[in-house]
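As the structure lists them, so they are numbered: ligands from 1, and atoms in each ligand from 1. What's counted below: heavy atoms across the whole structure, side chains too, no hydrogens, waters or symmetry copies. The model shown is predicted, which means the values in this text are computed figures rather than measured ones.
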Amino acid sequence: MRITFLGTGTSHGIPMIACDCGVCRSADQRNRRLRTSVLIETGERNILIDTPPDFREQMLRRSVRRLDAILYTHHHADHIFGLDDVRRFNEIQCGAIPCYAAKESLAVLKNIFSYAFNPPQLGGGVPQIVLKEIAGDRIDVLGVQVEAIEVRHGKIPVTGFRIGGFAYITDCSAIPDASMRRLRNLKVLVLGVLRHERHSTHFSVGEGVAVAQELGAERTFFTHMCHRLEHEETERNLPGNVRLAFDGMVLEL
Ligand SMILES: [Zn+2]
Ligand SMILES: [Zn+2]
Ligand SMILES: [Zn+2]
């Protein structure tokens, strides 16, 4: 299984528009972060988690030629607004793409992308997607066994995903005990962490480290970071098995 980080930034992306801070002006490419998404290649299937506004650029940068399925963590703008650009994959693959999301997120997708379900006219080019509800703890994604693990993002639920020894949890401020138990014995944990200071809907670096240590994954990578986290300086103060992900980072599992 190969994991490619397509984006590791919070909703604004880094650099932020009109910001002159050291991270936004950094020459270190690891400080340039598109909105958060990962591509999982199992050998048989290419599965994408979330379609951020940077989806098109991410597909171009990584020369992605095929998308078999999309998993949605939740329905915030920075995780869904690139969906329209799956049209190109519909064209190449001559078919619709299954999109898996929790019930609440499916309702938002149907509403925001209503034109995809009730096209105003034919030939206008709308994304062809088949919405699939994540109802239980396990999903069969075209033969790939994926566990759906609910976490909290402030007041809203977010779906985390686990495939074998890999788990991916983005926007998160608390993980219920039952979900913590389902995140044991991981080789790689990806966890959303926003900044050093505490935040009402995201883990801080300190909280993320505490979760990483409690779960004891072999390696933990932080994602969904804001411009307050300079890559090298932040990593210097982390335990050795906790690192910051960066755009373009590839993990082989
Ligand atoms: Zn987000
Ligand atoms: Zn900045
Ligand atoms: Zn969010």
Handout entry: His227 ring center within less than 6.0 Å of His12 ring center
Key =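 Centroid separation for His12 and His227: 6.0 Å or greater.
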Practice task
Look at the N, O or S atoms of His79, main chain and side chain alike, and state whether any lies under 2.8 Å from the Zn ion (ligand 1).
Solution key: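 True for His79.
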Practice task
Confirm or rule out an N/O/S atom of His76, from backbone or side chain, lying less than 2.8 Å from the Zn ion (ligand 1).
Solution key: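 No.
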Exercise for the section: For Asn46 and Arg66, indicate whether the former's side chain and the latter's backbone hold a donor-acceptor pair under 3.5 Å. Expected result: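 Yes; judged by distance alone, with no hydrogens or angles, the pair exists.
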Exercise for the section: Identify the heavy atoms of His224 and Ser11 that sit nearest to each other, and give their distance. Expected result: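 Shortest heavy-atom contact: CE1-N, 4.1 Å.
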Exercise for the section: Name whichever N, O or S atom of Asp171 ends up nearest to the Zn ion (ligand 3). Expected result: OD2
Practice task
Would you name the N/O/S atom of His74 that lies closest to the Zn ion (ligand 3)?
Solution key: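 The atom in question is NE2.
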Handout entry: N/O/S atom name from Asp78 that is nearest to the position of the Zn ion (ligand 1)
Key = OD2
Practice task
Evaluate the ring planes of His74 and His79, with Trp represented by its six-membered ring, and classify them as parallel (under 30°), tilted (30 to 60°) or perpendicular (over 60°).
Solution key: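 The arrangement is tilted - the two ring planes meet at 30° to 60°.
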Handout entry: Identity of the N, O or S atom of His227 lying closest to the Zn ion (ligand 2)
Key =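 The nearest such atom is ND1.
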Exercise for the section: Kindly check if the number of other-residue, nucleotide or ligand heavy atoms within 6.0 Å of CG (Asp140) is above 12? Expected result: yes
Exercise for the section: Answer yes when Glu218 and Lys187 have at least one side-chain N-carboxylate O distance shorter than 4.0 Å, and no when they do not. Expected result: yes
Handout entry: Rounded to 10 degrees, the angle SG of Cys21 makes with SG of Cys19 at the Zn ion (ligand 2)
Key = 110°
